[in-house]
2 protein chains.
Amino acid sequence: MNGIHNTSPEACSDFPAVLERVFAFATSVQHYMEAGLTAHGLSRPRASVVWLVHRNGPQTQRALARAIGVTARNVTALVDGLEQSGFVRRVAHPEDRRALLVQLTDQGRSVTARLAAEYERHSAYLFAGLPDEQVRQFVASMDLVMGRLAQVATGTVDR
Amino acid sequence: MNGIHNTSPEACSDFPAVLERVFAFATSVQHYMEAGLTAHGLSRPRASVVWLVHRNGPQTQRALARAIGVTARNVTALVDGLEQSGFVRRVAHPEDRRALLVQLTDQGRSVTARLAAEYERHSAYLFAGLPDEQVRQFVASMDLVMGRLAQVATGTVDR
DNA sequence: TATTGTTATACTCTATAACTATA
DNA sequence: TATAGTTATAGAGTATAACAATA
(Lines give C-alpha, C1' and ligand atoms only; values in the text may rest on other atoms or scores of the structure.)
Protein backbone atom coordinates (compact mmCIF):
# COMPACT_ATOMS: atom_id res chain seq x y z
CA MET A 1 0.00 0.00 0.00
CA ASN A 2 1.33 3.43 0.68
CA GLY A 3 4.33 2.85 2.83
CA ILE A 4 3.72 4.77 5.97
CA HIS A 5 6.60 3.25 7.75
CA ASN A 6 6.28 4.88 11.02
CA THR A 7 9.68 4.00 12.32
CA SER A 8 9.40 6.55 15.07
CA PRO A 9 10.23 5.34 18.59
CA GLU A 10 6.64 4.83 19.57
CA ALA A 11 5.83 3.20 16.29
CA CYS A 12 3.08 1.19 17.94
CA SER A 13 -0.52 2.29 17.85
CA ASP A 14 -1.84 4.31 20.73
CA PHE A 15 -5.04 2.38 21.25
CA PRO A 16 -6.93 4.93 23.35
CA ALA A 17 -6.13 7.51 20.69
CA VAL A 18 -7.48 5.19 18.01
CA LEU A 19 -10.66 4.72 20.03
CA GLU A 20 -11.04 8.49 20.22
CA ARG A 21 -10.76 8.61 16.45
CA VAL A 22 -13.43 5.98 16.23
CA PHE A 23 -15.67 8.13 18.43
CA ALA A 24 -15.01 11.17 16.25
CA PHE A 25 -15.72 9.16 13.13
CA ALA A 26 -19.00 7.81 14.50
CA THR A 27 -20.10 11.29 15.53
CA SER A 28 -19.25 12.65 12.12
CA VAL A 29 -21.21 9.91 10.36
CA GLN A 30 -24.11 10.50 12.70
CA HIS A 31 -24.17 14.19 11.80
CA TYR A 32 -24.06 13.35 8.13
CA MET A 33 -27.00 10.99 8.50
CA GLU A 34 -29.08 13.44 10.50
CA ALA A 35 -28.43 16.27 8.07
CA GLY A 36 -29.35 14.21 5.03
CA LEU A 37 -32.53 12.94 6.60
CA THR A 38 -33.60 16.35 7.89
CA ALA A 39 -33.34 17.65 4.34
CA HIS A 40 -35.97 15.08 3.41
CA GLY A 41 -38.22 15.82 6.35
CA LEU A 42 -37.18 12.82 8.41
CA SER A 43 -35.44 12.39 11.75
CA ARG A 44 -33.14 9.44 12.40
CA PRO A 45 -35.68 7.47 14.48
CA ARG A 46 -38.47 8.11 11.99
CA ALA A 47 -36.23 7.22 9.10
CA SER A 48 -35.45 3.90 10.74
CA VAL A 49 -39.17 3.11 10.71
CA VAL A 50 -39.54 4.13 7.08
CA TRP A 51 -36.47 2.18 6.08
CA LEU A 52 -37.60 -0.99 7.84
CA VAL A 53 -40.98 -0.87 6.15
CA HIS A 54 -39.26 -0.18 2.86
CA ARG A 55 -36.97 -3.17 3.27
CA ASN A 56 -39.26 -5.71 4.88
CA GLY A 57 -42.71 -4.62 3.78
CA PRO A 58 -45.75 -3.70 5.90
CA GLN A 59 -45.24 -4.65 9.53
CA THR A 60 -46.94 -4.38 12.88
CA GLN A 61 -45.75 -1.70 15.25
CA ARG A 62 -44.68 -4.44 17.60
CA ALA A 63 -42.31 -5.83 14.99
CA LEU A 64 -40.92 -2.37 14.39
CA ALA A 65 -40.42 -1.81 18.10
CA ARG A 66 -38.42 -5.01 18.39
CA ALA A 67 -36.37 -4.29 15.26
CA ILE A 68 -35.49 -0.77 16.35
CA GLY A 69 -35.05 -1.64 19.98
CA VAL A 70 -37.46 0.85 21.51
CA THR A 71 -40.72 0.47 23.43
CA ALA A 72 -44.08 -0.01 21.79
CA ARG A 73 -45.11 3.35 23.17
CA ASN A 74 -42.35 4.97 21.22
CA VAL A 75 -43.29 3.39 17.97
CA THR A 76 -46.80 4.73 18.45
CA ALA A 77 -45.29 8.22 18.67
CA LEU A 78 -42.98 7.72 15.70
CA VAL A 79 -45.76 6.36 13.51
CA ASP A 80 -48.04 9.20 14.67
CA GLY A 81 -45.48 11.67 13.41
CA LEU A 82 -44.88 9.79 10.18
CA GLU A 83 -48.59 9.52 9.53
CA GLN A 84 -49.09 13.24 10.11
CA SER A 85 -46.27 14.09 7.74
CA GLY A 86 -47.66 11.65 5.21
CA PHE A 87 -44.90 9.07 4.92
CA VAL A 88 -46.77 6.05 6.25
CA ARG A 89 -50.30 4.86 6.86
CA ARG A 90 -51.80 2.44 9.38
CA VAL A 91 -54.04 -0.28 7.99
CA ALA A 92 -55.91 -3.06 9.74
CA HIS A 93 -54.10 -6.35 10.07
CA PRO A 94 -55.96 -8.92 7.95
CA GLU A 95 -55.84 -11.67 10.57
CA ASP A 96 -55.14 -10.15 13.95
CA ARG A 97 -57.71 -7.55 14.87
CA ARG A 98 -55.54 -6.22 17.69
CA ALA A 99 -52.73 -5.30 15.35
CA LEU A 100 -52.11 -2.65 12.72
CA LEU A 101 -49.82 -2.79 9.74
CA VAL A 102 -47.63 0.16 8.93
CA GLN A 103 -47.17 0.66 5.23
CA LEU A 104 -45.54 3.32 3.07
CA THR A 105 -47.60 5.91 1.24
CA ASP A 106 -46.58 7.14 -2.21
CA GLN A 107 -44.70 9.90 -0.45
CA GLY A 108 -42.98 7.32 1.71
CA ARG A 109 -41.94 5.28 -1.30
CA SER A 110 -40.75 8.42 -2.99
CA VAL A 111 -38.53 9.44 -0.10
CA THR A 112 -36.92 6.02 0.22
CA ALA A 113 -36.17 6.08 -3.50
CA ARG A 114 -34.62 9.52 -3.23
CA LEU A 115 -32.57 8.52 -0.21
CA ALA A 116 -31.33 5.38 -1.94
CA ALA A 117 -30.29 7.44 -4.96
CA GLU A 118 -28.58 9.95 -2.74
CA TYR A 119 -26.64 7.29 -0.86
CA GLU A 120 -25.58 5.74 -4.13
CA ARG A 121 -24.29 9.07 -5.36
CA HIS A 122 -22.61 9.98 -2.12
CA SER A 123 -21.02 6.59 -1.55
CA ALA A 124 -19.47 6.74 -5.01
CA TYR A 125 -17.88 10.02 -4.01
CA LEU A 126 -16.92 8.98 -0.49
CA PHE A 127 -14.91 5.96 -1.57
CA ALA A 128 -13.74 7.19 -4.96
CA GLY A 129 -10.18 6.38 -5.77
CA LEU A 130 -9.65 4.00 -2.88
CA PRO A 131 -8.01 0.74 -3.86
CA ASP A 132 -10.42 -2.14 -3.62
CA GLU A 133 -8.19 -3.78 -1.10
CA GLN A 134 -8.30 -0.78 1.19
CA VAL A 135 -12.08 -0.66 1.08
CA ARG A 136 -12.27 -4.35 1.85
CA GLN A 137 -9.93 -3.98 4.75
CA PHE A 138 -11.81 -0.95 6.02
CA VAL A 139 -15.02 -2.95 6.12
CA ALA A 140 -13.23 -5.87 7.74
CA SER A 141 -11.83 -3.61 10.45
CA MET A 142 -15.22 -2.06 11.14
CA ASP A 143 -16.76 -5.52 11.39
CA LEU A 144 -14.08 -6.71 13.76
CA VAL A 145 -14.36 -3.69 16.03
CA MET A 146 -18.16 -3.87 15.92
CA GLY A 147 -18.04 -7.48 17.01
CA ARG A 148 -15.74 -6.72 19.90
CA LEU A 149 -17.82 -3.72 20.93
CA ALA A 150 -20.77 -6.05 21.24
CA GLN A 151 -18.73 -8.29 23.52
CA VAL A 152 -17.65 -5.37 25.67
CA ALA A 153 -21.26 -4.18 25.86
CA THR A 154 -22.68 -7.55 26.85
CA GLY A 155 -20.07 -7.89 29.52
CA THR A 156 -18.40 -10.87 27.90
CA VAL A 157 -15.31 -8.86 28.66
CA ASP A 158 -14.62 -7.08 31.92
CA ARG A 159 -16.10 -3.66 32.11
CA MET B 1 -19.27 14.62 -10.01
CA ASN B 2 -15.90 13.15 -10.89
CA GLY B 3 -16.13 10.48 -13.54
CA ILE B 4 -15.79 7.22 -11.75
CA HIS B 5 -15.82 4.81 -14.58
CA ASN B 6 -15.86 1.54 -12.85
CA THR B 7 -14.93 -0.64 -15.76
CA SER B 8 -14.17 -3.83 -13.88
CA PRO B 9 -16.89 -6.49 -14.06
CA GLU B 10 -17.88 -6.22 -10.47
CA ALA B 11 -14.64 -7.01 -8.84
CA CYS B 12 -15.06 -3.61 -7.32
CA SER B 13 -16.67 -2.78 -4.04
CA ASP B 14 -20.37 -2.17 -3.81
CA PHE B 15 -20.13 1.35 -2.49
CA PRO B 16 -23.69 1.79 -1.23
CA ALA B 17 -23.28 -1.46 0.70
CA VAL B 18 -20.07 -0.14 2.21
CA LEU B 19 -21.85 3.05 3.22
CA GLU B 20 -24.52 0.99 4.93
CA ARG B 21 -21.81 -0.80 6.86
CA VAL B 22 -20.43 2.58 7.87
CA PHE B 23 -23.87 3.55 9.15
CA ALA B 24 -24.17 0.31 11.09
CA PHE B 25 -20.70 0.82 12.54
CA ALA B 26 -21.44 4.38 13.61
CA THR B 27 -24.68 3.30 15.25
CA SER B 28 -22.94 0.50 17.06
CA VAL B 29 -20.23 2.83 18.36
CA GLN B 30 -22.87 5.31 19.45
CA HIS B 31 -24.65 2.62 21.46
CA TYR B 32 -21.41 1.59 23.07
CA MET B 33 -20.68 5.19 24.07
CA GLU B 34 -24.14 5.79 25.48
CA ALA B 35 -24.13 2.58 27.45
CA GLY B 36 -20.75 3.24 28.98
CA LEU B 37 -21.65 6.77 29.97
CA THR B 38 -25.02 5.81 31.38
CA ALA B 39 -23.27 3.35 33.65
CA HIS B 40 -21.39 6.31 35.10
CA GLY B 41 -24.46 8.51 35.43
CA LEU B 42 -23.76 10.61 32.36
CA SER B 43 -25.60 11.14 29.09
CA ARG B 44 -23.67 11.78 25.87
CA PRO B 45 -24.35 15.55 25.84
CA ARG B 46 -23.50 15.92 29.51
CA ALA B 47 -20.36 13.84 29.09
CA SER B 48 -19.22 16.16 26.31
CA VAL B 49 -19.38 19.06 28.77
CA VAL B 50 -17.51 17.15 31.43
CA TRP B 51 -14.90 15.99 28.93
CA LEU B 52 -14.30 19.48 27.58
CA VAL B 53 -13.80 20.89 31.05
CA HIS B 54 -11.52 17.98 31.87
CA ARG B 55 -9.43 18.60 28.78
CA ASN B 56 -9.36 22.37 28.57
CA GLY B 57 -9.92 23.44 32.14
CA PRO B 58 -12.65 25.69 33.59
CA GLN B 59 -14.55 27.47 30.85
CA THR B 60 -17.51 29.79 30.37
CA GLN B 61 -20.76 28.25 29.25
CA ARG B 62 -20.45 30.30 26.09
CA ALA B 63 -17.19 28.59 25.23
CA LEU B 64 -18.77 25.22 25.90
CA ALA B 65 -21.74 26.07 23.70
CA ARG B 66 -19.45 26.94 20.82
CA ALA B 67 -17.27 23.87 21.29
CA ILE B 68 -20.22 21.48 21.43
CA GLY B 69 -22.20 23.25 18.75
CA VAL B 70 -25.40 23.83 20.68
CA THR B 71 -27.19 26.95 21.87
CA ALA B 72 -26.32 28.77 25.06
CA ARG B 73 -29.73 27.86 26.39
CA ASN B 74 -28.86 24.24 26.05
CA VAL B 75 -25.63 24.52 27.93
CA THR B 76 -27.54 26.13 30.79
CA ALA B 77 -29.71 23.01 30.92
CA LEU B 78 -26.79 20.62 30.64
CA VAL B 79 -24.83 22.39 33.38
CA ASP B 80 -27.98 22.53 35.53
CA GLY B 81 -28.20 18.77 35.30
CA LEU B 82 -24.51 18.26 35.91
CA GLU B 83 -24.56 20.56 38.90
CA GLN B 84 -27.53 18.74 40.40
CA SER B 85 -25.85 15.40 39.95
CA GLY B 86 -22.66 16.83 41.40
CA PHE B 87 -20.21 16.56 38.51
CA VAL B 88 -19.54 20.26 37.99
CA ARG B 89 -19.87 23.57 39.80
CA ARG B 90 -20.38 27.13 38.58
CA VAL B 91 -17.99 29.74 39.92
CA ALA B 92 -17.79 33.46 39.26
CA HIS B 93 -15.53 34.54 36.44
CA PRO B 94 -12.63 36.51 37.96
CA GLU B 95 -12.71 39.30 35.38
CA ASP B 96 -16.06 39.26 33.62
CA ARG B 97 -18.94 39.62 36.05
CA ARG B 98 -21.44 38.52 33.43
CA ALA B 99 -19.80 35.17 32.98
CA LEU B 100 -19.52 31.96 34.96
CA LEU B 101 -16.83 29.35 34.85
CA VAL B 102 -17.76 25.70 34.82
CA GLN B 103 -15.31 23.55 36.72
CA LEU B 104 -15.19 19.91 37.76
CA THR B 105 -15.97 18.82 41.29
CA ASP B 106 -14.10 15.94 42.90
CA GLN B 107 -16.83 13.68 41.63
CA GLY B 108 -16.36 15.12 38.15
CA ARG B 109 -12.63 14.52 38.25
CA SER B 110 -13.26 11.04 39.53
CA VAL B 111 -15.61 10.14 36.70
CA THR B 112 -13.27 11.42 33.99
CA ALA B 113 -10.48 9.37 35.50
CA ARG B 114 -12.63 6.28 35.57
CA LEU B 115 -13.78 6.84 32.00
CA ALA B 116 -10.23 7.32 30.79
CA ALA B 117 -9.19 4.10 32.50
CA GLU B 118 -12.13 2.28 31.01
CA TYR B 119 -11.38 3.50 27.50
CA GLU B 120 -7.79 2.46 27.90
CA ARG B 121 -8.83 -1.00 28.97
CA HIS B 122 -11.47 -1.35 26.30
CA SER B 123 -9.34 -0.01 23.47
CA ALA B 124 -6.63 -2.50 24.32
CA TYR B 125 -9.20 -5.23 23.91
CA LEU B 126 -10.90 -3.78 20.84
CA PHE B 127 -7.75 -3.61 18.77
CA ALA B 128 -5.87 -6.51 20.30
CA GLY B 129 -4.05 -8.68 17.80
CA LEU B 130 -4.47 -6.33 14.88
CA PRO B 131 -1.29 -5.71 12.94
CA ASP B 132 -0.05 -2.19 13.42
CA GLU B 133 -0.36 -1.61 9.74
CA GLN B 134 -4.04 -2.52 9.73
CA VAL B 135 -4.78 -0.17 12.62
CA ARG B 136 -2.96 2.63 10.84
CA GLN B 137 -4.86 2.01 7.66
CA PHE B 138 -8.14 1.82 9.55
CA VAL B 139 -7.51 5.24 11.03
CA ALA B 140 -6.42 6.59 7.66
CA SER B 141 -9.60 5.31 6.02
CA MET B 142 -11.78 6.83 8.73
CA ASP B 143 -10.00 10.14 8.31
CA LEU B 144 -10.42 10.09 4.58
CA VAL B 145 -14.12 9.26 4.73
CA MET B 146 -14.65 11.83 7.49
CA GLY B 147 -13.05 14.49 5.32
CA ARG B 148 -15.23 13.64 2.37
CA LEU B 149 -18.34 13.51 4.52
CA ALA B 150 -17.61 17.07 5.54
CA GLN B 151 -17.42 18.04 1.89
CA VAL B 152 -20.70 16.34 1.10
CA ALA B 153 -22.27 18.03 4.10
CA THR B 154 -21.08 21.50 3.22
CA GLY B 155 -22.32 21.06 -0.31
CA THR B 156 -18.85 21.22 -1.81
CA VAL B 157 -20.13 18.22 -3.69
CA ASP B 158 -23.56 17.96 -5.28
CA ARG B 159 -26.23 16.70 -3.00
C1' DT C 1 -53.50 -15.15 30.40
C1' DA C 2 -50.73 -13.00 26.99
C1' DT C 3 -50.31 -9.63 23.36
C1' DT C 4 -51.22 -5.12 20.52
C1' DG C 5 -51.64 -0.67 20.77
C1' DT C 6 -53.11 3.36 23.33
C1' DT C 7 -53.49 7.07 27.09
C1' DA C 8 -51.12 9.26 30.94
C1' DT C 9 -46.97 11.02 32.76
C1' DA C 10 -42.13 12.30 33.08
C1' DC C 11 -37.25 13.20 31.77
C1' DT C 12 -33.69 14.66 28.48
C1' DC C 13 -32.03 17.23 24.56
C1' DT C 14 -32.84 20.56 21.27
C1' DA C 15 -34.37 25.28 19.39
C1' DT C 16 -36.19 30.47 19.31
C1' DA C 17 -37.28 34.49 21.52
C1' DA C 18 -37.43 37.83 25.14
C1' DC C 19 -35.16 39.50 29.28
C1' DT C 20 -31.21 40.80 32.93
C1' DA C 21 -26.96 42.15 34.09
C1' DT C 22 -22.87 43.46 32.63
C1' DA C 23 -19.08 44.97 29.05
C1' DT D 1 -24.55 48.15 21.23
C1' DA D 2 -22.95 43.62 22.09
C1' DT D 3 -22.25 39.66 25.15
C1' DA D 4 -23.23 36.01 29.09
C1' DG D 5 -26.60 33.72 31.04
C1' DT D 6 -31.40 33.05 32.25
C1' DT D 7 -36.61 32.46 31.89
C1' DA D 8 -40.41 31.07 28.91
C1' DT D 9 -42.13 28.07 25.56
C1' DA D 10 -42.22 24.26 22.26
C1' DG D 11 -41.17 19.90 19.87
C1' DA D 12 -38.95 15.35 19.46
C1' DG D 13 -37.32 11.00 21.47
C1' DT D 14 -37.15 8.00 25.24
C1' DA D 15 -39.12 5.37 29.32
C1' DT D 16 -42.79 3.13 32.79
C1' DA D 17 -47.26 2.07 34.05
C1' DA D 18 -52.12 1.33 33.52
C1' DC D 19 -55.81 0.22 30.35
C1' DA D 20 -58.67 -1.43 26.21
C1' DA D 21 -59.54 -4.79 22.83
C1' DT D 22 -58.42 -9.08 21.10
C1' DA D 23 -55.91 -13.72 20.93
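Sequence lines set the chain letters: A, B, ... in the order given, protein chains first and strands last, and positions in each chain run from 1. The figures that follow rest on heavy atoms only: side chains count, while hydrogens, waters and symmetry mates do not. What you are looking at is a predicted structure, and each value in this text was computed from that prediction instead of being measured.
The distance between atom CZ of A/R44 and atom P of D/dG11, rounded to the nearest whole Å, is 22 Å. Rounded to an integer number of Å, the gap from CZ of A/R46 to P of D/dG11 is 12 Å. Counting to the nearest Å, the P atom of D/dA12 and the CG atom of A/L78 are 11 Å from each other. Look at CD on B/Q59: it is 17 Å from C1' on D/dT3, rounded to the nearest Å. One atom, CD of A/Q30, and another, P of C/dC13, lie 16 Å apart when rounded to the nearest Å. Rounded to an integer number of Å, the gap from B/L64 CG to D/dT6 P is 12 Å. We find that CG of A/N74 is positioned 13 Å from C1' of C/dT12, with the value rounded to whole Å. Straight-line distance from the CG atom of B/L42 to the C1' atom of C/dC13: 15 Å, rounded to whole Å.
Closest of all the heavy-atom pairs between B/E95 and B/H93 is N-ND1, 3.0 Å.
A/L64 has its side chain within reach of A/V53: a pair of non-hydrogen atoms, C-beta onward, lies under 4.5 Å apart.
Ring planes of B/Y32 and B/H122: tilted class, angle from 30 to 60°.
In the set C/dC13, C/dT14, D/dT6, C/dC13 carries the atom at the smallest distance from any side-chain atom of B/S43. In this structure, of D/dT14, C/dC13, D/dT6, it is D/dT6 that holds the atom nearest to the side chain of B/L100. Taking the side chain of B/R62 as heavy atoms from C-beta on, and the options D/dT14, D/dT6, D/dA4, the nearest nucleotide is D/dA4.
Looking at B/T105, its side chain does come within 3.5 Å of a backbone N or O of B/F87 through a donor-acceptor pair. Remark: the backbone N or O of B/S85 is paired with a side-chain donor or acceptor of B/Q107 at under 3.5 angstrom. A/R148 places a side-chain N or O within donor-acceptor distance of the main-chain N or O of B/Y125, the cut-off being under 3.5 Å.
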If a pair means Watson-Crick or G-U wobble with both distances below 3.5 Å, what does DNA chain D look like in dot-bracket form, with | marking bases paired to a different strand? |||||||||||||||||||.|||
Mind running side chain to side chain donor-acceptor pair (under 3.5 Å) on B/Q103 and B/R90 for me, showing each step along the way? CA-CA 6 Å; B/Q103 65 178 207; B/R90 283 184 248 235; over 6 Å; no
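With DNA chain C read from its 5' end, the first of the two nearest nucleotides for B/T71 and A/Q61 is the one closest to A/Q61.
When the side-chain nitrogen and oxygen atoms of A/R66 are compared with OP1 and OP2 of C/dT4, one or more of them lie within a distance under 4.0 Å. Phosphate proximity of D/dT6 to B/R90: present, with a side-chain N or O under 4.0 Å from OP1 or OP2. Listed pair A/T76 / C/dT6 meets the phosphate criterion, a side-chain N or O lying under 4.0 Å from OP1 or OP2.
Residue-environment remark: NE2 (A/H40) exceeds the threshold of 12 foreign heavy atoms within 6.0 Å. Taking a 6.0 Å sphere around NE2 of B/H54, one finds it holds more than 12 heavy atoms contributed by other residues, nucleotides or ligands.
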Please encode protein proximity along nucleotides 17-23 of chain C as a string of B, S and -, counting only heavy-atom distances under 4.0 Å. ----BBS
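No donor-acceptor contact under 3.5 angstrom links the side chains of A/Y119 and B/E20, judged on distance only.
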